[in-house]
Amino acid sequence: MEKKTILSGVQATGNLTLGNYLGALNNWVEMQEEYNCYYMIADLHTLTIRNDPETLRKNTLELIALYVAAGLDPEKNTIFVQSHVPAHTQLSWVLNCYTYMGELNRMTQFKDKASKHADNINSGLFTYPVLMAADILLYNADLVPVGEDQRQHLEITRDIAERFNSIYGETFKIPDAYIGKIGARIMGLQNPTAKMSKSAPDPMDKILLTDTADDIRKKFKKAVTDSENCVRYDRESKPGVSNLMGIYGIIKNKTMEEIEEEFKGQGYGNFKTAVAEAVVERLEPIQEKYNKLIENPDKIKEIYEKGDKKANEKANNLIKEVYEKIGLIK
Ligand code: ATP
Ligand code: LTN
């Protein structure tokens with residue numbers, strides 16, 4: 001049987017967090033054997049907020065290095081840069097004409113980002129989900145591994161694809177979101193009721209994949225908990241502790257019950273230390289690989305150029321089919 005196809009991506013907005021890793025990358029690594037995988041750097045999506053050009057270039061290269069350091073094998077996966085495959089912007093324009101303002105108005109990410117960047121509510125921010133739909137549909141992706149926050153974007157992608165298919169006949173495969181159970185939503189360490197986000201201003205709220213072991217220990221020590229002093233899973237009334245349990249559970253492959261048992265009768269001190277050490281241990285080899293690769297820009301270039309070529313071949317076939325179906329002449 002032919003392998004199913006996966007596509008996903010991350011914006012090049014700077015250093016990845018533990019949330020990005022546990023919610024997305026970690027699942028990608030687990031899927032690379034079983035699926036035909038396309039993993040892109042969503043650099044065009046990054047333009048929806050203001051970036052310094054030099055920083056964007058730097059972030060893009062760093063993100064490619066992090067993908068590989070986190071365990072994505074460039075021989076097994078197609079790792080590519082979104083802006084190097086023109087079919088993404090081509091299909092995005094077409095799909096814009098099959099997406100309603102009302103649908104886009106309902107997107108919670110748009111509302112959230114618009115409130116955070118009130119001085120720059122540009123139309124790219126509004127049509128962001130359409131470009132994302134194009135990313136996914138161009139590769140006939142079966143599954144899209146993302147964190148919980150992206151579920152709504154997957155739903156609109158399906159709606160747009162179904163609408164197009166019902167007018168022009170079977171063109172796009174209808175993709176499913178793949179959302180890991182616990183890693184789906186890692187919360188901030190200081191504000192455990194909001195997701196850990198790489199653009200959060202408070203450095204204590206997030207663990208970066210490139211943080212030193214000491215920083216990681218310090219951040220977990222200061223993580224917000226509660227006064228019960230009992231390691232018990234309850235997202236509603238104990239969001240801080242539950243979030244730490246979620247992190248520990250994914251890394252150690254343990255259920256919440258097992259973790260409650262492990263730390264029974266102990267206070268938060270031991271527990272926080274154990275979580276921090278688990279994270280340090282997991283990130284150490286990733287950081288080592290990353291530090292080596294980032295010193296070798298030629299190698300990074302070789303990786304994305306190879307991926308760009310494969311992605312272009314696949315995407316160009318589909319955009320040709322779409323252009324023909326809607327009546328653009330050859
Ligand atoms: P930004 O802060 O710039 O909005 P972000 O940290 O939310 O960025 P994205 O580039 O939007 O990161 O997301 C990359 C991937 O990581 C997506 O699949 C997203 O669902 C996932 N992700 C992001 N934050 C978390 C989180 N806190 N928990 C789980 N998954 C997450
Ligand atoms: N919007 C996504 C990043 C992204 C993406 C995609 C994810 C852009 N295009 C296609 C999956 C598939 C986010 O994580 N914020």
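Every number for a ligand or one of its atoms is a count from 1 in the order of the listing. Please read these numbers as outputs of a predicted model, since none were measured by experiment.
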task = Compare Asn20, Val146, Asp149 and give the one whose heavy atom is closest to atom 20 (O) of ligand 1.
result = Asp149
remark   = Closest heavy-atom pair, Ala70 versus Val29, reported as atoms and distance to 0.1 Å, is O-CG2, 3.3 Å
ask   = With a cut-off of 4.0 Å, which atoms of ligand 1 are near a heavy atom of Ala24?
value = 15 (C), 16 (O), 18 (O)
task = Could you list which atoms of ligand 1 come closer than 4.0 Å to a heavy atom of Gly23?
result = 29 (C), 30 (N)
ask   = Any idea how Phe263 and Tyr248 line up, ring-wise: parallel (<30°), tilted (30 to 60°), or perpendicular (>60°)?
value = perpendicular
task = Sort out the contact shell of ligand 2: every protein residue with a heavy-atom distance below 4.0 Å, listed by chain and number.
result = Leu7, Ser8, Gly9, Gln11, Met40, Ala42, His45, Tyr128, Met132, Asp135, Ile136, Val144, Val146, Gln150
remark   = When Ile286, Ile300, Ile79, Asp73 are each screened for side-chain contact (heavy atoms from CB on, under 4.5 Å) with Val68, the one that passes is Ile79
request  = Only counting residues at least two apart or in another chain, list the ones meeting salt bridge (charged side-chain N to carboxylate O under 4.0 Å, His left out) with Glu258.
outcome  = none
task = Mark up the atoms of ligand 1 that fall under 4.0 Å of a heavy atom belonging to Val10, in ascending order.
result = 10 (O), 14 (C)
key: Geometric class of the Tyr98/Tyr168 ring pair [parallel <30°, tilted 30-60°, perpendicular >60°]   = perpendicular
task = Using a strict 4.0 Å cut-off to heavy atoms of Thr13, name the atoms of ligand 1 that fall inside it.
result = 3 (O)
Within-cut-off N or O pair, Glu148 and ligand 1, under 3.5 Å = no
message = Using 30° and 60° as the class boundaries, would you call the ring planes of Tyr67 and Trp28 parallel, tilted or perpendicular?
response = perpendicular
message = Looking at every non-hydrogen atom in both residues, tell me the closest pair between Ile136 and Val144 and how far apart they are.
response = CG2-CG2, 3.7 Å
ask   = Is the Phe126 ring parallel, tilted or perpendicular to the Phe110 ring (thresholds 30°, 60°)?
value = perpendicular
ask   = Does ligand 1 have any atom sitting under 4.0 Å from a heavy atom of Thr17?
value = no
request  = Would you sort out whether Phe172 and Tyr139 count as a ring pair (Phe, Tyr, Trp, His ring centres under 6.0 Å), showing the intermediate values?
outcome  = CA-CA 9 Å; Phe172 299 124; Tyr139 299 86; over 10 Å; no
inquiry  = Under 4.0 Å from a heavy atom of Gln150: which atoms of ligand 1 are those, numbered in the order shown and with their elements?
reply    = 20 (O)
ask   = How close do Glu170 and Asn165 get, heavy atom to heavy atom, and via which atoms?
value = OE2-ND2, 3.8 Å
task = Please name the pair of heavy atoms, one in Leu131 and one in His88, separated by the smallest distance, quoted to 0.1 Å.
result = CD1-O, 3.7 Å
request  = Look at ligand 1 and say whether Met187 reaches it with a heavy atom at a distance under 4.0 Å.
outcome  = no
request  = State the atoms of ligand 1, each with its element, that fall below the 4.0 Å cut-off from a heavy-atom position in Lys113.
outcome  = 1 (P), 3 (O), 4 (O)
note = Exactly one of Met107, Gln109, Gln152 clears side-chain contact (heavy atoms from CB on, under 4.5 Å) with Pro129, and that residue is Met107
query = Any N/O of Ile186 closer than 3.5 Å to an N/O of ligand 1?
reply = yes
task = Please could you name the atoms of ligand 1 that Gly147 approaches to less than 4.0 Å, counting only its heavy atoms?
result = 18 (O), 19 (C), 20 (O), 30 (N)
message = Which heavy atom of Ile160 sits nearest to which heavy atom of Ala133, and what is that distance?
response = CD1-CB, 4.1 Å
query = Out of Lys198, Lys195, His45, Met196, who gets a non-hydrogen atom closest to atom 7 (O) of ligand 1?
reply = Lys195
request  = Under 4.0 Å from a heavy atom of Gln11: give me the atoms of ligand 1 that qualify, with their elements.
outcome  = 10 (O), 11 (O)
